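A quick write-up on the structure given underneath.
None of the values given here were measured: they were computed from a predicted structure.
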Amino acid sequence: MKYPFQEVESKWQKFWEGKKIYKTDLSKTDKKLYCLVMFIYPSAAKMHIGHWYNYGPTDSYARFKKLQGFNVFEPIGYDAFGLPAENYAIKTGVHPQDSTLKNIADIKEMVKRMGGMYDWDSELMTCTPDYYKWNQWLFLQLYKKGLAYRKNAPVNWCPSCQTVLAREQVLSDGGCERCNTTVEQKNLTQWFFKITDYADELLDGLNKIDWPEKTKLMQTNWIGKSIGTEVEFSVEGYDEKIRVFTTRPDTLFGVTYVVFAPEKEIVQKITKPEFKADVDKYIESIKSLTEIDRTSATKEKTGVSTGAYVINPINGERVPIWIADYVLATYGTGMVMAVPGHDERDFEFAKKFGLPIRKVILQPNTKVEDELKEAYTEIGTMINSGKYNGLRSDLGIEKISKDLEAEGVGRNTINYRLRDWLISRQRYWGTPIPIIHCQRCGEVPVPEDQLPVVLPYNVNFKPDGGSPLASNEEFVNVKCHMCGSEARRDADTMDTFVDSSWYYLRYLNPKFTDGMFDTNLANNWTPVDIYVGGAEHAVMHLLYARFIHKFLRDIGLVNSDEPFAKLVHQGTITSQGAKMSKSKGNVVDPNSFIESYGSDVFRMYLMFMGPYELGGDWSDKGIVGVDRFVQRTYALFNAHKNDAKENPSKEKYGLNDFNEVEKSVYRKVNQTLEKVRTEIEHFRFNTGVAALMELLNELKSLEECRKDLQTYALERFAVMISPLAPHLGEECWNLLGNEKSLFENPLCFDVDQNALSVDNVTIVVQINGKVRSRIDMQVNSSDVDVKRTVFADEKVKLYTDGKQLLKEIYVPNKIYNIVVK
RNA sequence: GCCGAAGUGGCGGAAUUGGUAGACGCGCUGGACUCAAAAUCCAGUCUGGCUUAAACCAGGUGCCGGUUCGAGUCCGGCCUUCGGUACCA
């Protein structure tokens with residue numbers, strides 16, 4: 001009889017739902033385990049393969065932990081605000097709220113069909129006022145502490161999405177993270193969250209969390225902490241002093257010019273009249289360049305002289321001021337000292353414009369008079385550096401830095417690459433920013449008791465350059481809370497990454513009305529024990545959430561430093577070598593597989609495909625293998641109906657109770673218990689499934705075993721397979737005659753360590769490193785016995801007779817290596 | 001350019017601290033069942049050599065070299081692919 005997956009799956013789904021087996025009692029914190037998967041972005045009505053790959057295995061992990069007796073909390077929800085819904089609305093006229101709610105309903109049905117053990121009482125969606133109210137409240141707390149502020153700055157503008165983007169949301173090729181359109185630079189007044197205040201802590205905290213090294217490294221690089229010195233130069237002919245940031249004060253004697261970012265205001269002031277025309281022309285010319293062109297490291301360097309000079313504080317030398325676009329206005333002071341001898345960029349620039357190159361660091365094993373063919377950027381001996389000559393340059397860094405500080409012309413400084421998080425968006429489908437702009441009072445926060453600022457349903461969300469909310473008079477026009485005069489609401493909405501920065505806290509009680517979330521529960525249940533999601537969030541969501549968590553801790557709402565104790569990235573499933581996308585037409589629809597094989601088979605196949613962290617290219621070639629495995633499993637249990645009732649097994653047996661076949665089965669069952677446990681524990685589902693397949697193969701000899709051992713084996717098999725194929729597992733368990741559901745009464749069998757021991761081992765005999773023979777010995781035979789047996793072996797004799805014995809290495813129970821000449 | 005990960009049969013992929021390379025599955029080949037097919041079951045399946053066959057021998061984990069009794073695993077130098085990053089001073 002074929003496994004009737006439709007019937008079985010819906011039966012157990014109804015059972016679980018009816019018994020509320022998914023429900024977690026959060027008041028019990030003993031053996032608590034918060035297993036979280038990144039919530040769903042409901043931009044389409046269907047769950048695609050990527051969702052299944054993310055949620056299925058994670059749910060299996062959660063179920064496995066539940067069977068082990070953990071009090072598992074596994075919630076799910078919807079990251080419901082965002083651009084795709086709004087773009088869809090622009091195209092079709094369907095309101096984002098309507099399409100989103102519809103999508104969520106469809107997705108929810110699919111998630112249930114998958115057999116996820118989600119706590120539906122904790123379900124949340126970010127687009128409801130009772131959720132986003134707390135985004136606004138969070139904003140106000142940040143605002144109070146000066147961590148939410150508005151400034152005019154050059155920002156990334158996506159002309160297609162018609163909104164600004166945070167820097168994290170611009171791809172490395174300059175494209176928009178959502179739509180790939182090349183972003184433009186614009187000077188706009190925008191809202192920022194001051195994540196940079198937490199830069200150091202975000203860096204240090206990485207040491208305390210169990211995350212993939214690669215992800216931590218990405219965050220480290222993104223934060224880009226750089227320790228250096230700010231050196232003050234005076235501008236010749238002006239009272240003005242300028243400061244440059246350098247990590248190499250040891251090369252200060254090698255400065256032959258300085259470079260300002262062209263957009264620095266001071267450029268206008270210090271440029272000599274006869275250079276003005278060229279300078280203006282240059283500034284104009286770079287305006288037409290895109291950010292990518294401008295910052296491309298492969299682009300040839302350009303720049304012009306201003307005709308002005310600064311004085312080098314270390315030696316009083318006069319060096320020219322140039323402007324060049326390779327100096328970024330937004331990093332450090334926007335001005336750098338140029339040391340062409342020891343900096344690649346400066347070298348290239350100096351070569352091109354004929355500026356002097358001075359060697360001040362001597363490369364070991366080279367001569368002072370050797371010409372520099374390229375910039376030497378490593379440590380060496382200081383030369384041409386006055387009283388510092390002969391000093392090792394890394395020591396020179398400290399020494400000069402100290403001396404500059406003593407002279408009052410320098411100080412130690414730390415710079416970060418990290419910028420503040422730009423959170424305002426000129427779009428409709430998001431959280432309104434709780435600020436009003438009063439003609440008299442200026443920026444006024446909406447009082448907390450007036451939250452939420454509700455997102456109006458009726459707006460013109462067509463993109464015409466401005467924020468859609470701005471055209472909704474009813475929304476925008478308000479009286480100032482301070483003075484009562486006419487005011488306008490801020491018409492921007494928040495980046496949806498604000499929503500996802502704290503949702504894991506809200507899950508604990510999404511109906512909580514006394515605050516953002518229940519602090520008691522949060523203190524007991526966070527940090528999240530295991531968090532699973534895509535690596536593409538490494539420097540976006542995963543950085544933002546850490547920042548917000550630390551802020552919430554600082555205002556006393558949580559007591560932990562980090563939101564996610566352990567992080568696992570699932571790999572990406574591609575299709576024909578490319579990311580699945582509608583535009584490429586390579587999207588694989590999981591539904592057809594669910595319909596022909598059922599969700600257990602599909603889930604298990606996704607796990608069996610390969611290492612979870614690796615993902616891979618989709619192919620359905622092997623799914624029949626998993627299906628066969630399921631069919632054989634079902635057939636086996638069907639042939640053993642009520643075995644557990646009729647022939648109950650003991651908890652444990654002695655190996656002496658068995659004949660050889662029984663011993664072998666008993667051992668294999670226990671080896672598999674051990675194997676499956678460690679594999680699932682480490683998210684190595686592929687080898688976990690393989691171990692169960694091996695066991696099933698071994699169980700071919702089950703009929704030759706005594707009846708109670710059959711029960712012993714089958715019960716354990718059912719329990720092991722149930723996290724991976726939950727419906728099948730329950731069904732098998734039930735077929736054996738067990739009355740209580742596995743997930744209703746979690747159960748986990750211990751490994752009989754005695755069964756893991758073996759009587760006999762095969763010892764491989766190598767001669768000069770080549771395998772020449774194998775001998776079977778009793779386990780832990782004495783070295784003498786092993787040696788005697790080895791040398792009695794015909795093949796060994798063949799290779800050793802008449803040869804000189806040089807060496808013997810015996811690795812007990814494994815290998816016997818003989819070296820002969 | 002820099003940083004990181006990975007290269008193993010026809011395919012997806014296994015291989016504790018260096019210790020029998022190719023688990024498990026797909027595919028393929030042969031057989032059983034069948035009037036026949038599908039499904040299922042059984043056997044075989046890294047490559048080459050020699051064999052009716054088995055046994056045996058040689059080679060083999062991207063390439064070149066090294067360490068070691070022994071290397072997919074460690075070290076040095078390359079090549080390729082995929083992620084991240086892009087003049088951050």
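When distances run from any side-chain atom of A:T762 to the nucleotides B:rU20, B:rG25, B:rC57, the shortest one goes to B:rU20. Distance from the side chain of A:R628 is smallest for B:rC26 among the nucleotides B:rC26, B:rC88, B:rG4. Looking at the side chain of A:V336, the nearest of the listed nucleotides B:rG4, B:rU20, B:rA89 is B:rA89. Residue A:F245 places its side chain closer to B:rA89 than to any other of B:rG27, B:rA89, B:rU85.
For A:S619, the side chain to side chain contact (heavy atoms under 4.5 Å, CB included) partners at least two apart in sequence or on another chain are A:K621.
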### Base-pair map of RNA chain B as dot-bracket, where | denotes pairing with a different strand and pairs are Watson-Crick or G-U under 3.5 Å
(((((((..(((......[....)))((((((.......))))))((((......))))..(((((..]....))))))))))))....

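B:rC33 and B:rA38 have their P atoms separated by 15 Å, with the value rounded to a whole Å. To the nearest whole angstrom, the two P atoms, one in B:rU80 and one in B:rG30, are 42 Å apart.
Between the C1' atom of B:rA86 and the CG atom of A:L328 lies a distance of 11 Å, rounded to the nearest Å. For A:M777 and B:rU20, the CE to P distance is 19 Å, given to the nearest whole Å. Atoms NZ (A:K814) and P (B:rG18) sit 11 Å apart, rounded to a whole Å. Taking atom CG of A:D343 as the reference point, atom C1' of B:rC88 lies 11 Å away to the nearest angstrom.
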Are any protein N/O atoms closer than 3.5 Å to N/O atoms in nucleotides 5-12 of chain B? If there are, list each pair with its distance.
unit_1 : atom_1 : unit_2 : atom_2 : d
B:rG12 : O2'    : A:M609 : O      : 2.5

Under 3.5 Å, which N/O atoms of the protein pair with N/O atoms of nucleotides 58-60 of chain B?
unit_1 : atom_1 : unit_2 : atom_2 : d
B:rA58 : OP1    : A:R772 : NH2    : 3.4
B:rA58 : OP2    : A:R772 : NH1    : 3.2
B:rG59 : OP2    : A:K770 : NZ     : 3.1

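The stretch residues 687-703 of chain A touches RNA chain B through A:T687, A:A690, A:M693, A:E694, A:N697, A:K700, each having a heavy atom under 4.0 angstrom from the strand.
Glycosidic conformation of B:rG77 is anti; the angle lies outside 90° of 0.
In summary, of the residues considered (A:W618, A:F5, A:Y605), a ring-ring contact (aromatic ring centres under 6.0 Å, His included) with A:F593 occurs for A:W618 alone.
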### Query
Reading nucleotides 64-69 of chain B 5' to 3', which nucleotides get B (base under 4.0 Å from a protein heavy atom), which S (sugar-phosphate only), which -?
-----B

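Counting non-hydrogen atoms under 4.0 angstrom, A:N686 reaches the backbone sugars and phosphates but no base. A:K225 comes within contact range of no nucleotide atom at all, as no heavy-atom separation falls under 4.0 Å.
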